[in-house]
Amino acid sequence: MIQEFLQSTLPLDSSVTLKRSDTEPDTEIAHARSEAFEIVSDAGETVGFVKAWEDDSSFRGYVHFDSDGNVIDWKVFKDRLQS
């Protein structure tokens, strides 16, 4: 679900894809589900990284890094639940 969330919200060029990384979840946000992704070009080069988390479907976010590990952008999304 996190990957679908990123594909719909992260402003990525059509020449790159998200590839799930094999990393351990962040222990500081263990109550939330977290995943890490590499941003890979069509040529197979890693051009960036994304770490994303989801507490539930109404509270989630990501941090987008360039290939040197510098933060490009981060977003937190909190949906308002209708009563």
Side-chain angles (χ1 to χ4, degrees):
M1 184 158 180
I2 289 178
Q3 187 167 1
E4 292 83 12
F5 157 70
L6 287 175
Q7 289 172 329
S8 67
T9 58
L10 191 63
L12 292 178
D13 187 284
S14 63
S15 66
V16 298
T17 57
L18 290 175
K19 177 184 170 192
R20 186 172 281 116
S21 298
D22 296 325
T23 60
E24 293 296 318
D26 191 334
T27 56
E28 291 187 26
I29 57 171
H31 65 281
R33 199 171 130 229
S34 62
E35 293 183 28
F37 298 87
E38 294 177 27
I39 302 171
V40 182
S41 71
D42 287 343
E45 180 183 353
T46 299
V47 295
F49 305 92
V50 179
K51 290 189 177 186
W53 57 269
E54 179 177 66
D55 192 27
D56 62 45
S57 62
S58 66
F59 192 58
R60 52 193 169 188
Y62 66 81
V63 181
H64 180 190
F65 302 90
D66 67 14
S67 60
D68 293 325
N70 300 305
V71 174
I72 294 174
D73 190 19
W74 72 83
K75 299 266 191 258
V76 175
F77 298 84
K78 183 177 181 198
D79 296 336
R80 293 185 181 206
L81 302 176
Q82 294 183 354
S83 53

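Model, not experiment: these values are computed from the prediction. One-based numbering along the sequence shown.
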>> Would I2 and R33 count as a side-chain contact (heavy atoms from CB on, under 4.5 Å) here? Give the steps.
In response: CA-CA 9 Å; I2 289 178; R33 199 171 130 229; 4.1 Å; yes
> Does W74 share a hydrophobic cluster with F77, counting links as ILVMFWY side-chain heavy atoms below 4.5 Å and allowing steps through other members?
Replying inline: no
> What closest approach, in Å, do V16 and S41 show between heavy atoms, and which atom pair accounts for it?
Replying inline: CG1-CA, 4.0 Å
> Between atom CD of Q3 and atom CZ of R20, what is the distance when rounded to the nearest 0.5 Å?
Replying inline: 5.0 Å
> Nearest heavy-atom pair of S67 and T46: which atoms, and what distance?
Replying inline: CB-O, 3.9 Å
> Transitively linked via ILVMFWY side-chain contacts under 4.5 Å: F65 with L12?
Replying inline: no
> Between I72 and L6, is there a shared hydrophobic cluster once you connect ILVMFWY residues whose side-chain heavy atoms come closer than 4.5 Å?
Replying inline: no
>> Check whether D13 reaches the backbone of S15 with its side chain - one donor and one acceptor, N or O, closer than 3.5 Å.
In response: yes
> Taking the six-membered ring for Trp, are W53 and F59 ring centroids under 6.0 Å apart?
Replying inline: yes
> If you round to the nearest 0.5 Å, how far is CZ of R60 from OG1 of T9?
Replying inline: 7.5 Å
> Is there a path from V50 to V63 through hydrophobic residues (I, L, V, M, F, W, Y) whose side chains come within less than 4.5 Å of each other?
Replying inline: no
>> In this structure, would F5 and L18 fall into the same cluster of hydrophobic residues linked by side-chain contacts under 4.5 Å?
In response: yes
> Yes or no on side-chain contact (heavy atoms from CB on, under 4.5 Å) for K75 and D73, after CA distance, side-chain angles and deciding distance?
Replying inline: CA-CA 7 Å; K75 299 266 191 258; D73 190 19; 3.3 Å; yes
> What are the two closest non-hydrogen atoms of I39 and H64, and how far apart are they?
Replying inline: CD1-NE2, 3.3 Å
> Would you say the ring centroid of Y62 lies under 6.0 angstrom from that of F37?
Replying inline: no
